[in-house]
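Everything below concerns the one structure shown next.
Since the model is a prediction, treat every value here as computed from it, not as a measurement.
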Amino acid sequence: MSLYTITGAQLAFGHVALLDHADFSLEAGERVGLIGRNGAGKSSLLKIVADLTKPDDGLVTRQQGLTSVYVPQEPEFDTDDTVFEAVAAGLTHARDLLDQYDAVANQLADEPEGPEHDALMSRMNTLQSALDHSDAWNWSTRVATTLQQIGLNGEARVGSLSGGMQKRVALARALVVQPDVLLLDEPTNHLDFDGIRWLEELLVSLRAGLLFITHDRAFLDRVATRIVELDRGRLLSYPGNFSAYQTRKAQQLEVEQVEAAKFDKLLAQEEVWIRKGVEARRTRSVGRIARLVEMRNERAERRNVQGNVKLDVGQGEKSGKIVAELTDVTKRYGSRTVVDTFTATVMRGDKIGFVGPNGAGKTTLLKMILGELPPDEGTVRIGTNLQVAYFDQMRAQLDLDKSLADTISPGSEWVEVNGQKKHVMSYLGDFLFAPERARSPVKSLSGGERNRLLLARLFARPANVLVLDEPTNDLDIPTLELLEELLTEYDGTVLLVSHDRAFLDNVATSVIASEGGGKWREYVGGFTDWQIQRDRSQQMAQDAQKDAAKEVASKDSGAASAGRNTQRAAKLSFKDQRELEALPAKIAALEAEQKTIGAQLEDGSVFAKDAQEGTRLTERYAAIDEELLIALERWDELENKRK
């Protein structure tokens with residue numbers, strides 16, 4: 001049985017139908033990625049599933065006692081709270097039950113035998129059952145365990161944390177509830193690469209049903225077992241990850257175009273027939289006329305595929321061959337070295353991605369390359385004839401009170417792109433802004449629409465160096481793919497900061513990566529190439545350390561070591577010794593079984609073929625976790641016993 005089901009849901013915002021008789025269901029253990037255009041209604045659907053809002057019409061069915069937790073894009077906290085207090089806020093209901101139980105217990109101690117005493121006893125029994133059901137007795141331990149699993153310091157103040165760490169706190173607050181359904185809206189926002197990888201591992205091992213919104217294609221490929229697309233008011237389901245969805249979607253669109261063309265051809269033939277002369281009109285059938293009217297209505301109500309953004313960047317004059325040359329540059333903030341003796345040359349046409357943890361100094365390095373920030377040591381030589389266009393991830397360049405038209409072309413109704421004049425209304429239309437919205441203020445736009453507007457403004461200005469600081473935030477997948485195509489064909493220089501791994505792979509020709517401690521290094525290729533080269537160098541370093549350790553170990557006496565082992569083994573009973581010898585094989589078998597099940601669950605096809613089998617595998621995966629923990633604890637106990 002499904003955890004959650006929506007049948008025939010309808011939801012409208014003004015004259016736009018966000019949900020048009022849409023159907024959706026979520027099975028236990030499924031990880032569903034929800035995708036669609038900006039403004040299509042994805043967040044609205046997530047809030048309906050979270051029971052934060054209701055559809056205008058339709059049937060919603062939830063399993064009895066189902067617990068769901070919703071984590072919004074921008075979680076809100078009391079900045080004065082400690083991390084422990086913020087996470088414990090997820091268990092407010094359980095803590096309230098415990099407070100009520102204590103209050104009733106105190107009243108009961110002072111109440112003599114009688115009707116009031118019996119009523120209090122009944123109330124205490126009800127509360128005790130509720131506390132047992134929600135496992136509220138040990139809420140403090142649950143919070144501490146969750147903090148340890150996620151790697152958070154419970155004593156830290158939430159207000160002192162970075163955006164990425166606050167995102168972890170929000171996830172911890174959700175997970176401590178142990179929900180049946182976890183709902184995440186853009187969970188990768190503010191997370192760096194390590195944070196995204198950590199989140200992927202966490203969600204893949206999660207037993208709860210998962211519904212999440214993201215535009216990160218690599219994240220969808222790794223986590224999702226099913227893709228659900230909100231397309232023109234309908235929810236379309238595709239088994240498998242994002243790569244499988246892309247193949248099936250392309251096939252579906254081809255079929256849809258053929259069917260639409262056949263329909264339009266038939267309609268055109270009927271329109272010709274109805275306009276024939278007097279003789280034809282005498283013989284025309286009432287049924288055929290009725291069918292024509294029906295076809296006209298059907299054509300008028302057809303919701304066509306929304307057009308794509310039309311991207312074209314204004315190319316400035318060519319810059320000099322060398323854009324920037326850095327020699328042994330160092331930059332410090334107080335006692336912290338952000339850039340330590342870094343040397344690099346940026347050539348015209350380079351497309352460089354900057355990667356590293358949040359706060360590593362990517363923006364600082366960018367500003368030094370552009371000559372906006374002087375180094376403390378070393379030299380920076382800036383090339384000639386640079387025309388820089390800057391995309392700010394905080395969208396600070398947008399005046400929220402200005403209209404869209406004034407933002408693009410202040411004081412004029414025309415925009416010039418690559419030597420061609422274009423009316424501002426037509427130009428905004430290229431970025432999917434309807435003419436009636438051209439006079440609307442910027443503050444009325446969603447996050448994705450503001451990013452689109454900033455791209456429209458950026459590309460309306462001639463430039464030979466594009467600096468893009470997190471340009472992919474909030475952009476829908478079709479716009480992302482078009483932006484990739486544009487940047488790939490762009491003749492100028494691109495300096496790119498992004499946590500979208502697929503975007504970096506498809507655009508960057510080289511990567512400048514943080515190595516820690518202010519050290520930066522340039523790698524040829526995109527994100528995946530950088531990972532391969534970095535992992536290879538780390539493996540070589542580890543191998544060298546192992547070889548050195550082996551040489552030291554080989555100098556020890558083998559006989560003395562064997563003697564110690566014999567002495568240790570003698571301290572164990574025969575039964576314990578046999579159990580200890582069997583434990584490594586048992587642990588290895590459990591780990592192998594869990595790995596096999598994990599691969600099946602990660603693939604996701606098992607849920608499409610047999611939902612019950614998917615649920616059974618999810619439960620077995622969790623059971624192996626417990627068996628492994630018991631086996632490892634027993635192994636540790638026996639090892640300590642024989643020492």
Side-chain angles (χ1 to χ4, degrees), residues 27-31 141-142 144-152 168 171-172 175-176 178 182 193-210 218-219 221-226 240-241 531-532 534-536 538-543 545-546 549-550 553 565 568-569 572 575-643:
E27 303 289 338
E30 268 197 311
R31 300 189 296 275
T141 305
R142 280 169 62 182
T145 303
T146 304
L147 291 176
Q148 185 180 11
Q149 288 173 341
I150 293 184
L152 291 168
R168 289 194 183 211
L171 287 163
L175 293 173
V176 76
Q178 297 173 353
L182 182 61
F193 295 121
D194 290 335
I196 292 171
R197 278 195 293 269
W198 162 82
L199 181 59
E200 287 174 348
E201 296 296 332
L202 176 71
L203 296 181
V204 165
S205 65
L206 206 62
R207 285 185 287 172
L210 175 65
F219 187 82
D221 258 348
R222 178 75 174 90
V223 175
T225 59
R226 179 160 64 103
N241 61 10
Q531 274 194 315
I532 292 170
R534 182 200 60 178
D535 293 347
R536 189 179 297 153
Q538 287 178 350
Q539 186 61 49
M540 289 173 67
Q542 289 173 4
D543 290 344
Q545 288 179 347
K546 285 179 183 177
K550 283 179 181 177
N565 289 337
R568 285 180 181 177
L572 290 177
K575 183 180 177 182
D576 285 348
Q577 180 63 29
R578 292 291 298 273
E579 183 183 0
L580 179 61
E581 290 170 357
L583 275 171
K586 181 180 179 181
I587 291 168
L590 286 170
E591 287 175 340
E593 183 185 358
Q594 192 176 50
K595 186 177 179 181
T596 303
I597 294 174
Q600 289 177 274
L601 293 175
E602 190 174 333
D603 174 65
S605 59
V606 65
F607 292 101
K609 295 175 184 174
D610 187 346
Q612 288 186 345
E613 177 64 8
T615 303
R616 187 193 70 77
L617 288 174
T618 304
E619 291 171 353
R620 177 57 187 155
Y621 189 94
I624 292 172
D625 265 340
E626 295 176 9
E627 290 179 30
L628 273 172
L629 184 62
I630 293 169
L632 288 167
E633 286 178 348
R634 180 59 175 161
W635 191 13
D636 187 54
E637 179 188 340
L638 292 173
E639 281 285 355
N640 289 330
K641 189 176 177 182
R642 75 174 190 175
K643 286 180 181 178

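For Gln148, there are no side chain to side chain donor-acceptor pair (under 3.5 Å) partners two or more places apart in sequence or in a different chain. Judged as a side chain to side chain donor-acceptor pair (under 3.5 Å), and not counting sequence neighbours, Gln531 has no contacts. Arg207 meets the salt bridge (charged side-chain N to carboxylate O under 4.0 Å, His left out) test with no other residue; sequence neighbours excluded. Scanning for salt bridge (charged side-chain N to carboxylate O under 4.0 Å, His left out) contacts around Glu591 gives an empty result, with sequence neighbours left out. Every residue meeting the salt bridge (charged side-chain N to carboxylate O under 4.0 Å, His left out) condition with Glu593, not counting sequence neighbours, appears here in chain and number order: Arg620. Scanning for side chain to side chain contact (heavy atoms under 4.5 Å, CB included) contacts around Ala208 gives Leu206, with sequence neighbours left out.
Here the CZ atom belonging to Arg142 is positioned 4.0 Å from the CD atom belonging to Gln178, to the nearest 0.5 angstrom. Thr596 OG1 to Leu617 CG: the interatomic distance, rounded to the nearest 0.5 Å, is 10.5 Å. In this structure, CG in Leu152 is found 6.0 Å from CG in Leu147, a value given to the nearest 0.5 Å.
Within the 3.5 Å criterion, the main-chain N or O of Arg31 finds a donor-acceptor partner in the side chain of Thr225.
Looking only at side-chain heavy atoms (C-beta outward), Leu182 and Leu203 come within less than 4.5 Å of each other. With a 4.5 Å cut-off on side-chain heavy atoms, Arg634 and Glu579 count as touching.
The two residues Val204 and Val223 come nearest to each other via the heavy atoms CG2-CA, 4.4 Å. The nearest pair of heavy atoms linking Thr146 to Val176 is OG1-CG2, 3.6 Å. Residues Arg168 and Ile150 share a closest heavy-atom pair of NH1-O, 3.3 Å. Residue Ala631 comes nearest to Ile587 through the heavy atom pair CB-CG1, 3.8 Å, listed as atom of the first residue, atom of the second, then distance.
Other residues, nucleotides and ligands contribute over 12 non-hydrogen atoms within 6.0 Å of the CZ atom of Arg197.
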